[in-house]
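This report concerns only the one structure given below.
Naming: A, B, ... by sequence-line order, numbering from 1 per chain.
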2 protein chains.
Amino acid sequence: MIDPSADRAVFRQLADLLRDRIMSGELGPGEPLPSELRLAQEYGLSRTTVRQAIGQLRTEGLVTVDRPRGTFVRVPEQTQTITLARGERVSARMPTDAERRSHRLGEGIPVLVVTGPDGAFTVHPADRIQLIRP
Amino acid sequence: MIDPSADRAVFRQLADLLRDRIMSGELGPGEPLPSELRLAQEYGLSRTTVRQAIGQLRTEGLVTVDRPRGTFVRVPEQTQTITLARGERVSARMPTDAERRSHRLGEGIPVLVVTGPDGAFTVHPADRIQLIRP
DNA sequence: CTTAATTTGTGCGTATGTATG
DNA sequence: CCATACATACGCACAAATTAA
């Protein structure tokens with residue numbers, strides 16, 4: 001399963017294993033991952049290394065942590081569709097820490113930035129908002 | 001500067017300090033941050049804690065790491081504008097690990113996903129692509 | 001050209017705090 | 001009150017790559 005002598009770092013290999021289990025549906029939305037201690041024992045790793053792997057999945061937006069209940073596969077949010085007006089531009093970036101809190105954004109969730117021709121812009125959580133050109 | 005007894009974690013306080021220096025322009029694009037060891041000594045922290053703070057800025061897309069040269073304030077990429085067709089929808093998410101490599105995406109950079117009425121979609125690096133509704 | 005110093009990456013261990021059940 | 005689980009913070013060691021001497 002995990003090869004410490006491989007080129008790829010151990011924590012990345014563990015992240016790959018867990019990501020595969022999520023992407024394949026073996027671990028469905030809302031389902032808990034094994035605890036950090038459990039994973040550490042199961043694969044013979046330190047908890048630090050396990051946390052690095054889970055941290056990777058968090059930045060990818062694949063899992064959410066409900067402390068101290070556990071780590072869970074992210075459940076997709078209900079998305080709302082916003083219509084773009086003429087001349088509006090769309091970009092995306094990661095939110096600042098302050099934006100994360102004010103918009104109640106989970107980890108690993110980008111924001112959509114819609115800028116009008118006048119330069120005014122609005123910021124939308126990318127897990128709840130979708131844009132459409134009518 | 002940093003208050004270990006504060007509610008906010010020390011590594012977040014350090015991330016805040018560095019982020020402020022970047023946002024204010026004191027640390028401009030392409031400029032190096034102090035080395036991890038330097039920051040640790042300067043603030044009386046462990047290197048682990050400093051790395052947590054820098055890791056935070058990496059996930060926000062504010063800095064890039066060129067190992068082992070150092071950590072640098074991200075230099076904005078040249079952006080290309082793509083025109084949206086009728087009925088196309090736009091969303092954003094973090095790339096998968098595979099997408100990160102194939103698109104040569106830096107850390108903390110989301111992707112823009114444009115989906116046509118037929119369900120076909122294209123993926124664009126958010127630091128190089130901007131969308132516009134004409 | 002060789003060697004040393006620097007810097008980030010990885011991995012381990014320990015300890016303590018906090019919130020949940 | 002106790003056990004579980006994640007968060008924070010410290011320490012150490014070694015590897016790999018670049019840069020400086």
Side-chain angles (χ1 to χ4, degrees), chain A residues 1-18 27 30-74 97 100-101 106-108, chain B residues 1-18 27 30-74 97 100-101 106-108:
Chain A
M1 285 280 205
I2 287 184
D3 176 14
S5 68
D7 264 6
R8 194 161 176 77
V10 170
F11 83 88
R12 293 189 194 281
Q13 294 183 53
L14 176 55
D16 291 343
L17 287 175
L18 294 171
L27 280 172
E31 281 192 79
L33 270 62
S35 78
E36 293 173 355
L37 190 59
R38 187 100 167 67
L39 288 170
Q41 290 168 341
E42 191 154 346
Y43 292 95
L45 304 173
S46 72
R47 207 191 131 199
T48 313
T49 301
V50 171
R51 276 182 65 75
Q52 277 184 285
I54 292 178
Q56 180 62 40
L57 301 180
R58 292 170 71 164
T59 67
E60 295 176 12
L62 288 180
V63 303
T64 58
V65 176
D66 186 1
R67 170 187 166 199
R69 284 190 49 239
T71 305
F72 304 84
V73 179
R74 184 181 290 280
D97 210 60
R100 278 232 350 255
R101 278 172 295 188
E107 290 175 310
Chain B
M1 284 277 209
I2 287 184
D3 176 15
S5 68
D7 265 4
R8 193 162 177 77
V10 171
F11 82 87
R12 294 188 193 281
Q13 294 182 53
L14 176 55
D16 292 342
L17 286 177
L18 294 171
L27 281 172
E31 280 191 80
L33 271 62
S35 77
E36 295 172 355
L37 192 59
R38 188 102 168 65
L39 287 170
Q41 290 169 341
E42 192 154 346
Y43 292 96
L45 305 173
S46 70
R47 204 188 133 202
T48 312
T49 302
V50 171
R51 277 182 65 76
Q52 274 186 284
I54 292 179
Q56 179 64 40
L57 301 180
R58 291 170 73 164
T59 67
E60 295 176 14
L62 287 180
V63 302
T64 59
V65 176
D66 186 1
R67 173 190 168 198
R69 286 192 48 240
T71 304
F72 303 85
V73 179
R74 184 182 291 278
D97 210 60
R100 278 244 332 267
R101 278 175 295 207
E107 291 176 308

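- With rounding to whole Å, A:Asp3 atom CG is found 11 Å from C:dG11 atom P.
- If you measure from atom CG of A:Leu33 to atom C1' of D:dA5, you get 13 Å, rounded to the nearest angstrom.
- Counting non-hydrogen atoms under 4.0 angstrom, B:Leu45 reaches the backbone sugars and phosphates but no base.
- A side-chain donor from one of B:Gln56 and B:Glu60 sits under 3.5 Å from a side-chain acceptor of the other.
- Checking C:dT10, D:dC10, D:dC6 against every side-chain atom of A:Ala9, the shortest atom distance belongs to C:dT10.
- The 12-atom threshold is exceeded at CG of B:Asp3, counting heavy atoms of other residues, nucleotides or ligands nearer than 6.0 Å.
- We find that OH of A:Tyr43 is positioned 15 Å from P of C:dG11, with the value rounded to whole Å.
- Within the nucleic acid shown, A:Ser35 comes within 4.0 Å of sugar-phosphate atoms alone, with no base atom in reach, counting heavy atoms only.
- Distance CZ (B:Arg12) to P (D:dA9): 9 Å, rounded to an integer number of Å.
- Panel note: side chain B:Gln13, backbone B:Arg8; a donor-acceptor pair is recorded below 3.5 Å.
- A close approach under 4.0 Å does occur between a side-chain nitrogen or oxygen of A:Arg69 and OP1 or OP2 of C:dG21.
- Atom pair B:Ile54:CD1 and C:dT10:P shows a separation of 14 Å (rounding to whole Å applied).
- Between B:Leu37 atom CG and C:dT8 atom C1' the separation is 11 Å, expressed in whole Å.
- Not one N or O on the side chain of B:Arg74 forms a donor-acceptor pair closer than 3.5 Å with the backbone of B:Thr64.
- Considering A:Ile2, A:Thr49, A:Ile54, A:Val50 in turn, A:Thr49 is the only one that fulfils the side chain to side chain contact (heavy atoms under 4.5 Å, CB included) rule with A:Phe11.
- One N or O donor and one acceptor, one from the side chain of B:Arg47 and one from the base of C:dG9, sit under 3.5 Å apart.
- Distances were taken from every side-chain heavy atom of A:Arg67 (C-beta onward) to each of C:dT18, C:dG9, D:dA16; the shortest belongs to C:dT18.
- One finds no side-chain N or O of A:Thr48 lying less than 4.0 angstrom from the OP1 or OP2 phosphate oxygen of C:dG13.
- When the P atom of D:dA7 is taken as reference, atom CD of A:Gln52 falls 14 Å away, rounded to whole Å.
- Nucleotide C:dT7 holds its C1' atom 12 Å from the CG atom of B:Leu39, rounded to whole Å.
- OP1 or OP2 of C:dG9 sits under 4.0 Å from a side-chain N or O of B:Arg51.
- Both A:Val10 and B:Gly70 sit near DNA chain C, but only B:Gly70 has its closest nucleotide nearer the 5' end.
- Looking at heavy-atom distances under 4.0 Å, A:Arg58 makes contact with sugar-phosphate atoms alone, never a base.
- Residue B:Pro68 has its side chain nearest to D:dA17 when only C:dA19, C:dC12, D:dA17 are considered.
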